[in-house]
A.B. asks: 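Shown below is the structure under consideration.
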Amino acid sequence: MTAHPAWTTVDTYFTDLLVPEDEALTHALRASESAGLPPIGVTPTQGKLLHLLARLTPARRVLEIGTLAAYSTIWLARALPADGRLITLEFEPAHAAVARANLAHAGLDKITEVRTGPALDSLAALHAEGAAPFDLVFIDADKANNARYLEWALKLTRPGGLIVLDNVVRGGGVADAASDDPAIRGTREALELMASHPDLDGTAVQTVGAKGYDGFALARVRS
């Protein structure tokens, strides 16, 4: 859904007031645009929210499913301590190359790792490697696989950790039980899993802003 002018105006006001311009983040956005990546990343205020959630958790290890140009990755990585670790998964090699360059430009390449390939394969590999549990998982990849990503996130997140699922409202389409849109069906399946799984305690929030009408879900892994 196209953003209402007032939503964009308010987003700009909040950004100017609470999320002042930052050279590394601005560079990441410009690099993404120059490389022709789709403009589907989080907004500055949403990035700041991810940063605050990571600090509140508090997170030492973060997993991100869906990297794009690493704009959200930078926000999350900046919340980590010096010995923290962030692993981000990106399907497209060209996107991953832009992301790695942006993370290096932001001085975060030492605590971040971009893994390329189908996220479900990368998640299985992490599990097979015996990866240490993550404190926070941010899911923002192809929506048809949202439920599968949530299942893996639950396996890979410590008790008390946080899972964030982005873009769950789909312009209001998520309420349509008859929809044949794979993104809506995948998102509904993930939300239903969040509601029914005994180890997850979650909620979802609708949002409006510069990117239109959407929202996100949050789930805490029960101890």
Side-chain angles (χ1 to χ4, degrees), residues 19 21-35 37-142 145 149-150 152-153 155-158 161-167 216 221:
V19 193
E21 185 171 333
D22 177 287
E23 190 278 332
L25 290 166
T26 300
H27 174 88
L29 292 175
R30 289 174 178 165
S32 177
E33 183 178 2
S34 296
L37 274 62
I40 56 174
V42 303
T43 63
T45 50
Q46 291 166 345
K48 183 68 175 290
L49 175 62
L50 290 172
H51 176 86
L52 292 173
L53 289 173
R55 294 191 68 181
L56 288 166
T57 304
R60 301 182 67 85
R61 288 178 53 81
V62 170
L63 173 63
E64 180 181 50
I65 305 173
T67 315
L68 198 61
Y71 182 78
S72 55
T73 320
I74 292 171
W75 276 113
L76 287 164
R78 284 179 168 176
L80 299 178
D83 61 348
R85 187 71 173 163
L86 184 151
I87 296 175
T88 182
L89 312 179
E90 174 55 49
F91 177 74
E92 294 287 348
H95 295 181
V98 175
R100 290 188 184 101
N102 285 336
L103 290 166
H105 184 84
L108 296 166
D109 49 316
K110 299 296 188 297
I111 64 169
T112 59
E113 176 187 356
V114 183
R115 295 196 179 192
T116 308
L120 291 174
D121 292 347
S122 297
L123 290 163
L126 279 170
H127 190 261
E129 292 166 13
F134 292 93
D135 304 299
L136 185 151
V137 179
F138 177 47
I139 303 172
D140 189 15
D142 59 298
N145 281 314
Y149 296 146
L150 182 58
W152 276 114
K155 293 177 183 178
L156 293 165
T157 305
R158 66 166 173 82
L162 180 67
I163 300 170
V164 183
L165 179 64
D166 203 11
N167 306 128
F216 59 91
V221 179

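Quick caveat, the model's predicted, so the values are computed rather than measured.
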A.B. asks: I'd like to know if the side chain of R115 reaches the main chain of S122, judged simply by a donor and an acceptor atom lying under 3.5 Å from each other, with no hydrogens or angles considered.
C.D. replies: no
A.B. asks: So among T157, V221, L123, which one has a side-chain contact (heavy atoms from CB on, under 4.5 Å) with V137?
C.D. replies: T157
A.B. asks: If I take atom CG from residue L63 and atom CD from residue E113, how far apart are they, to the nearest 0.5 angstrom?
C.D. replies: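 CD of E113 is found 10.5 Å from CG of L63.
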A.B. asks: Show, in sequence, the C-alpha distance, side-chain angles and deciding distance for K155 and L126, and conclude whether the side chain to side chain contact (heavy atoms under 4.5 Å, CB included) test is met.
C.D. replies: CA-CA 10 Å; K155 293 177 183 178; L126 279 170; over 6 Å; no
A.B. asks: Quiz question: by atom type and distance under 3.5 Å, do the side chains of T57 and R158 form a donor-acceptor pair?
C.D. replies: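 The answer is no; no qualifying pair exists.
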A.B. asks: Does the side chain of V164 reach to within under 4.5 Å of the side chain of L50, using non-hydrogen atoms?
C.D. replies: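 Yes - at least one pair of side-chain heavy atoms lies under 4.5 Å apart.
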A.B. asks: So, taking the atom named CG in D22 and the one named CG in L29, what distance separates them when rounded to the nearest 0.5 Å?
C.D. replies: 10.0 Å
A.B. asks: Is the shortest heavy-atom distance from the side chain of L162 to the side chain of L56 under 4.5 Å?
C.D. replies: no
A.B. asks: Taking the side chain as everything from C-beta on, heavy atoms only, tell me whether S32 gets closer than 4.5 Å to Y71.
C.D. replies: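 Answer no - side chains too far apart.
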A.B. asks: To the nearest 0.5 Å, tell me how far W75 CH2 sits from L53 CG.
C.D. replies: 12.5 Å
A.B. asks: List in chain and number order the residues that pass salt bridge (charged side-chain N to carboxylate O under 4.0 Å, His left out) with D121, two or more places apart in sequence or in another chain; answer none if no residue qualifies.
C.D. replies: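 Not a single residue meets the salt bridge (charged side-chain N to carboxylate O under 4.0 Å, His left out) criterion with D121.
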A.B. asks: State whether the side chain of N102 and the backbone N or O of A69 hold a donor-acceptor pair below 3.5 Å, judged by distance alone.
C.D. replies: yes
A.B. asks: Under 3.5 Å, is there a donor-acceptor pair linking the side chains of D142 and Y149?
C.D. replies: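 Yes, because at least one side-chain N or O of D142 sits under 3.5 Å from a partner of the opposite role on Y149.
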A.B. asks: Can you name the closest pair of heavy atoms from A59 and V62 and give their distance?
C.D. replies: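 Heavy atoms only, the tightest pair is CB-CG2, 3.9 Å.
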A.B. asks: Is there a donor-acceptor pair under 3.5 Å between the side chain of D135 and the backbone N or O of R60?
C.D. replies: yes
A.B. asks: Side-chain atoms of residues 87-98: list all donor-acceptor pairs with protein atoms under 3.5 Å, sequence neighbours left out, distances to 0.1 Å.
C.D. replies:
| residue | atom | partner | partner atom | Å |
| --- | --- | --- | --- | --- |
| T88 | OG1 | E64 | OE1 | 2.6 |
| T88 | OG1 | T67 | OG1 | 2.6 |
| E90 | OE1 | T67 | N | 3.1 |
| E90 | OE1 | L68 | N | 2.8 |
| E90 | OE2 | E92 | N | 3.0 |
| E90 | OE2 | H95 | ND1 | 3.4 |

A.B. asks: Could you check whether any side-chain heavy atom of F216 comes within less than 4.5 Å of a side-chain heavy atom of L49, counting everything from C-beta outward?
C.D. replies: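 Touching, per the 4.5 Å side-chain cut-off.
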A.B. asks: Could you grab the distance from atom CG of L120 to atom CG of N145, nearest 0.5 Å is fine?
C.D. replies: 4.5 Å
A.B. asks: Give the minimum heavy-atom separation between R61 and P133, together with the two atoms involved.
C.D. replies: NE-O, 3.4 Å
A.B. asks: Anything under 3.5 Å between a donor and an acceptor, one on a side chain of residues 105-112, the other on a protein residue two or more places apart or in another chain? List them.
C.D. replies:
| residue | atom | partner | partner atom | Å |
| --- | --- | --- | --- | --- |
| H105 | NE2 | E23 | OE1 | 3.1 |
| H105 | NE2 | E23 | OE2 | 2.9 |
| T112 | OG1 | L108 | O | 2.8 |

A.B. asks: Nearest 0.5 Å, please: how far is NE2 in H51 from CD in Q46?
C.D. replies: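 Result: 15.5 Å between the selected atoms.
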A.B. asks: Taking all atoms of both residues into account, what is the closest heavy-atom pair of I139 and A153, and its distance?
C.D. replies: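 Between these two residues, the closest heavy atoms are CD1-CB, 4.2 Å.
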A.B. asks: Determine the minimum heavy-atom distance between A28 and I74, stating which atoms define it.
C.D. replies: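 Scanning both residues, the minimum pair turns out to be CB-CD1, 4.0 Å.
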A.B. asks: How far apart are the C-alpha atoms of L165 and L150, what are their side-chain angles, what is the distance that settles it, and do they pass the side chain to side chain contact (heavy atoms under 4.5 Å, CB included) test?
C.D. replies: CA-CA 8 Å; L165 179 64; L150 182 58; 5.5 Å; no
A.B. asks: Assess whether atom CD of E129 is packed by more than 12 heavy atoms of other residues, nucleotides or ligands within 6.0 Å.
C.D. replies: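 Yes, enclosed.
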A.B. asks: Using a 4.5 Å cut-off on heavy atoms from C-beta on, say whether the side chain of L25 contacts that of R78.
C.D. replies: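 Of all side-chain heavy-atom pairs linking L25 with R78, at least one is under 4.5 Å.
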